[in-house]
Structures are given as C-alpha cells and as structure tokens.
Protein chains: 2
Amino acid sequence: MLDQHVAVITLRDSGVRMTPQRLLVIEALAGNRSHPTVEQIFEYVRERYPTVSLATVYQSLALLSRHGLITELHGDRGTLRCDPDTSSHAHAYCRRCGLVMDVPLPPAATHTALDLDTFNPTQVEVSIYGVCAACAGQPSSPVEAEA
Amino acid sequence: MLDQHVAVITLRDSGVRMTPQRLLVIEALAGNRSHPTVEQIFEYVRERYPTVSLATVYQSLALLSRHGLITELHGDRGTLRCDPDTSSHAHAYCRRCGLVMDVPLPPAATHTALDLDTFNPTQVEVSIYGVCAACAGQPSSPVEAEA
DNA sequence: ATTACTGCAAATACTTTGCAATTGT
DNA sequence: ACAATTGCAAAGTATTTGCAGTAAT
C-alpha cells in the first residue's frame, strides 16, 4: 500500500521534483482503498489546490506508475482507475453499482503467468465482473431489467 | 471458438435479424485468433460491404457479446478488442509490438474467483503485460530506450 | 540559473446516441 | 406491413500534447 513518505523519498531519490500538486495526488492515494478514477483524484487535489489541471493529475499518475508506486487498472471500461496497493490481488467490478473491491489471489495464481517461457511478464491484472452482495440483495431496477 | 453457423442459429432463435453487416462481423471473428480491434473488424467488413458504418460494427459486437458469443477484452488500454473464444484463458499483451496472445489458465485459477461468496462473478479477465519473445530478442529502439 | 513541471487549450482517440431512411422477417 | 436495424453526423467521454510561463532544486 502506497505510503506518502516512502513515495516522496523514492521520487526524490530519482531526481523527480516534489510539487504541491504531486504531493496532493500522492496524499489522495495513500491508504485509499476505493480505486479512485482520475476524476476523483482530480477533485481531491482541486479542493486543496484549485488551480491544478486535469493534465497534471494524469501526468502525476503516469509518473507514480512508472516508478512502481501505484498500479493503473483498466478493468473499468474506458476509465482509468488507480490502485495504491501494488501487491498481487484481483479486482471485482460490480456491474450494477460500479464498486471495485480487492480480491486476494492465491500465490499459485501469480506463478501461472510466470510459467510462460515465451513471454516476459511485468504485470498481471485480474478483473472479475459480476454483481456485488449488496446489489444482489436488491431487485434490479425496471430500467435495467429491460436491457 | 465462435462458429459462424452456431452464431447465426443462436441469434435467429433469439429473434435477432440477420443482416449482411452482422454476418460479416461474425465472419470476421469466426476462427480469428488475433483478438482484433473494432477498427480491424470494421476494415474487414468494409472491404466487403463498403457502406457499413463503424457504429454498426460497435452495435453488432455488443450484440454478440450480450448473447455470449464473443468476449470483449479491456486489457488494451483505451481500445476494445474482441475474442471469439469465450473459453477460460488469459491474454498476454506485448508492450512493445502490441501483440495479444492466448495463455492457458489452469482450471483451478477460475475457481479462485468463484470462491467468493460475497460476489457473483459472471466473467473473469486475466491480462498479462510484458514483452513477447520476438521483441525480447530484438534490442529496443533508441527512441524507446530513452523513455 | 537551470531545467523540470504546470496550466491551458487544442488535439486526438474511442465509443455512443438520435433519428430518418432502409430492410429483414 | 411492421419493427428492428442501419448510416450518418453529432455528441459524449477519456486521454494526450505543445508550449509559454512558473517554480523546484
């Protein structure tokens, strides 16, 4: 899980400049378990530093990702989500409410990918789609049932 | 793996109309192991039916997906790819050349996801990112090495 | 003082939608 | 004939880029 101090030191040691914008992006992610979208991170930073631009947030996230401090999730169709926890785990996406939750993976699952001798894997993303417990309890809306 | 006849019959039985455009989308995917992008499918269809529109291709793909005849892949950042093979397997994405290859998954891997009692999974997507054998052999281009 | 970084605005990329015309059944 | 489907064009959503000004070191 991303730690603010570790992140700052890691970046500094790589010669990256620490700006208030970046610090706030890190702050938004540190300890965050909600897998926020870029827009959500942008909102967090903007509340504290109103002149920040969305482009800067995108650039900061790419920077953090490049330095291995966060993981970018592609499972939410067309929207980038960020995970400050870079350890091996899967993500469950609720198709009804949009919730993204962590799912532990048995250590063996990671090995599967590493068994490939024809491919040199650097990252594995496991996305599970379905309906979460809370939504499964609720009947689906009429609008949704139609589709 | 998607079979043209099976697909046509499945759709017909569901009361879906068979148009030349749809037939060509199916044809483009049947037996295709390259995980084509929407654009590539569009090109295939257009060569044979020049007035087809991209929107129709998108709609046809959504239809096939809804009927469980294909799987939509989200692993290629910002671009939809299609897989006519709906059986359980992972995908390896080469970060250098863009190649997408099938990777078998041990049956146990699928069970992992199904162990969740708090979540009702309908689909699991496993994306492996790295560098393929062919690219690993080649030295990276100077431009790429810089980045 | 240098040079990385930011903010802006425009560009690019991908996908969806509304609607009139068309076509499969 | 009827309703589903298409093609078009426009809108919507997401992300990237060029560049002049700003700020971290």
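So that the names make sense, note that chain A is the first sequence line, chain B the second, and so on, each numbered from 1. Note that the coordinates shown come from a computational prediction; the quantities given were computed from them, not determined experimentally.
Atom CG of B:Asn120 sits about 11.0 Å away from atom SG of A:Cys135, to the nearest 0.5 Å.
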Problem - Full working for side-chain contact (heavy atoms from CB on, under 4.5 Å) between B:Glu27 and B:Val45 - result: CA-CA 9 Å; B:Glu27 190 183 298; B:Val45 177; over 6 Å; no
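Residue B:Thr19 places at least one side-chain N or O under 4.0 Å from the OP1 or OP2 atom of D:dT6. Between B:Arg17 and the phosphate of C:dT23, there is no side-chain N or O to OP1/OP2 separation shorter than 4.0 Å. The phosphate of D:dA14 has OP1 or OP2 within less than 4.0 Å of a side-chain N or O from A:Thr79. Phosphate contact (OP1/OP2 of C:dG7, side-chain N/O of A:Gln21, threshold under 4.0 Å): present. For B:Arg22, no side-chain nitrogen or oxygen approaches OP1 or OP2 of C:dG24 to under 4.0 Å.
If you check D:dT17, D:dT15, C:dC14 against the side chain of A:Tyr58, the one that comes closest is D:dT15. The side chain of A:Pro20 lies closest to D:dA24, out of C:dG7, C:dC14, D:dA24. When the nucleotides C:dT17, C:dT15, D:dT17 are ranked by their closest atom to the side chain of B:Ala55, C:dT17 comes out on top.
Side-chain contact between A:Leu11 and A:Leu64 is present, with heavy atoms from C-beta onward closer than 4.5 Å. At a threshold of 4.5 Å between non-hydrogen side-chain atoms, the residues A:Ile9 and A:Val6 do not count as touching. Side chains of B:Cys94 and B:Tyr129 form no contact here, defined as non-hydrogen atoms less than 4.5 Å apart.
Of the two residues contacting DNA chain C, namely B:Arg12 and A:Val52, the nearest-nucleotide position lying further toward the 5' end is that of A:Val52. Two residues, B:Arg77 and B:Thr56, neighbour DNA chain D, and the one matched to the more 5' nucleotide by heavy-atom proximity is B:Thr56. Mapped onto DNA chain C by nearest heavy atom, A:Val57 and B:Glu39 fall at different nucleotides, with A:Val57 at the one closer to the 5' end.
If you measure from atom CG of B:Leu23 to atom P of D:dT5, you get 14 Å, rounded to the nearest angstrom. Atom-to-atom, CD1 of A:Ile26 to C1' of C:dC5 comes out at 14 Å; the value is rounded to the nearest Å. Here D:dA24 presents its C1' atom at 16 Å from CG of A:Asp13, a figure rounded to the nearest Å. Taking atom CG of residue B:Leu63 and atom C1' of nucleotide D:dT6, one finds them 13 Å apart after rounding to whole Å. Nucleotide C:dC8 holds its P atom 10 Å from the CZ atom of A:Arg46, rounded to whole Å. For A:Phe42 and D:dT13, the CZ to P distance is 16 Å, given to the nearest whole Å. Following rounding to the nearest Å, B:Met18 (CE) and C:dG24 (P) show an atom-to-atom distance of 12 Å. Between B:Gln59 atom CD and C:dC19 atom P the separation is 15 Å, expressed in whole Å.
Note on A:Glu72 versus B:Arg77: salt bridge recorded, some NZ/NE/NH1/NH2 to OD/OE distance being below 4.0 Å.
Taking the ring axis of A:Tyr93 as reference, the NZ or CZ atom of A:Arg95 does not stay both within 45° of it and closer than 6.0 Å to the ring centre.
As judged by a 4.0 angstrom heavy-atom cut-off over every strand, B:Pro50 is placed among residues making no nucleic acid contact.
Comparing the local axis fitted to the first five base pairs of the helix from C:dA1-D:dT25 to C:dT25-D:dA1 with the one fitted to its last five gives a bend of 40°, rounded to 10°.
Screening B:Ile70, B:Thr56, B:Leu69 for a side-chain contact (heavy atoms from CB on, under 4.5 Å) involving B:Leu61 leaves a single residue, B:Ile70.
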